[in-house]
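The structure appears right after this line, and notes come after that.
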Amino acid sequence: MDAADVYASVLVDLNAALLAMTSPRFDALLQKSPQQQRVRALRQLVDVQHARLVFGNAVLREIAGRLERNEDALATGQAAARRALERLDNLPTVLRTVGRLLTLVGRVVPLV
């Protein structure tokens with residue numbers, strides 16, 4: 001894939017993560033989880049929204065090299081996050097996989 005394809009793919013998956021993490025199924029999963037996990041999940045929801053905005057506003061030509069260098073890791077992270085968000089059966093797994101994807105996005109654009 002070229003940088004534009006990687007960029008579009010990551011942006012689609014960040015949008016999908018945001019939608020999944022605001023769904024009734026995710027809310028049901030939150031409600032039956034311990035408070036510490038709920039707090040972590042809600043913080044991560046904010047992190048996903050932030051990453052989506054920062055990544056979406058990045059100028060492609062400025063991040064193309066970093067996208068290409070991290071393409072394989074991003075693809076792996078995206079696939080894992082998609083699987084966890086499709087299942088929505090284990091909150092720690094969802095948080096871990098989405099957290100890994102955010103870390104990878106942070107290699108491309110500064111999220112701090």
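In what follows, every heavy atom counts, from backbone to side chain, and hydrogens, waters and symmetry copies are set aside.
For the residue pair L18 and T22, the shortest heavy atom distance occurs at O-OG1, 3.0 Å. Closest non-hydrogen pair, V109 versus A58, comes out as CG1-CB, 3.8 Å. The two residues P110 and V54 have their closest heavy-atom pair at O-CG1, 3.5 Å. R69 approaches R66 most closely through the heavy-atom pair NH2-CG, 2.9 Å. Minimum interatomic distance between Q37 and P92 (heavy atoms only, all atoms of both residues): NE2-CG, 3.3 Å. Between V94 and A84, the shortest heavy-atom distance links the atoms CG2-O, 3.6 Å.
The backbone N or O of L101 lies less than 3.5 Å from no partner atom in the side chain of Q78, so there is not a single donor-acceptor pair. With hydrogens and angles disregarded, no donor-acceptor distance shorter than 3.5 Å links the side chain of D27 to the backbone of S23. No side-chain donor-acceptor contact under 3.5 Å links R107 to the backbone of N70. A donor-acceptor pair under 3.5 Å is formed between the side chain of Y7 and the backbone N or O of F55.
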Requested in this report: Would you please test L29 and N90 for side-chain contact (heavy atoms from CB on, under 4.5 Å) and show each step?
Outcome: CA-CA 8 Å; L29 184 61; N90 183 294; over 6 Å; no
Report task. Would you please test Q44 and L102 for side-chain contact (heavy atoms from CB on, under 4.5 Å) and show each step? Result -> CA-CA 9 Å; Q44 192 169 75; L102 291 174; 4.0 Å; yes
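Atom CZ of R43 sits in a sparse spot, with 12 or fewer heavy atoms from other residues, nucleotides or ligands closer than 6.0 Å. More than 12 heavy atoms of other residues, nucleotides or ligands sit less than 6.0 Å from atom CD of Q31.
Hydrophobic clustering of Ile, Leu, Val, Met, Phe, Trp and Tyr side chains at less than 4.5 Å, counting indirect connections, keeps F26 apart from V39. The hydrophobic clustering, which links ILVMFWY residues whose side-chain heavy atoms are closer than 4.5 Å, places L60 and L104 together. L42 and L14 fall within a single hydrophobic cluster, where Ile, Leu, Val, Met, Phe, Trp and Tyr side chains are chained together by heavy-atom contacts under 4.5 Å.
Distance check: L85 CG to M21 CE gives 7.0 Å after rounding to the nearest 0.5 Å. Atom CG of L88 and atom CZ of R25 lie 4.5 Å apart (nearest 0.5 Å). Here the straight-line distance linking atom CG of D2 with atom CD of E68 works out to 7.5 Å at 0.5 Å rounding. The CG atom of D47 sits 8.5 Å away from atom CG of L111, with the distance rounded to the nearest 0.5 Å. The distance from atom CE of M1 to atom CD of E71, rounded to the nearest 0.5 Å, is 5.0 Å. With rounding to the nearest 0.5 Å, the separation of CZ in R96 from CG in L91 is 10.5 Å.
Looking at V108 and V6, their side chains never come closer than 4.5 Å, going by heavy atoms from C-beta outward.
R52 and Q49 are linked by a side-chain donor-acceptor pair at a separation below 3.5 angstrom, with hydrogens and angles left out of the test.
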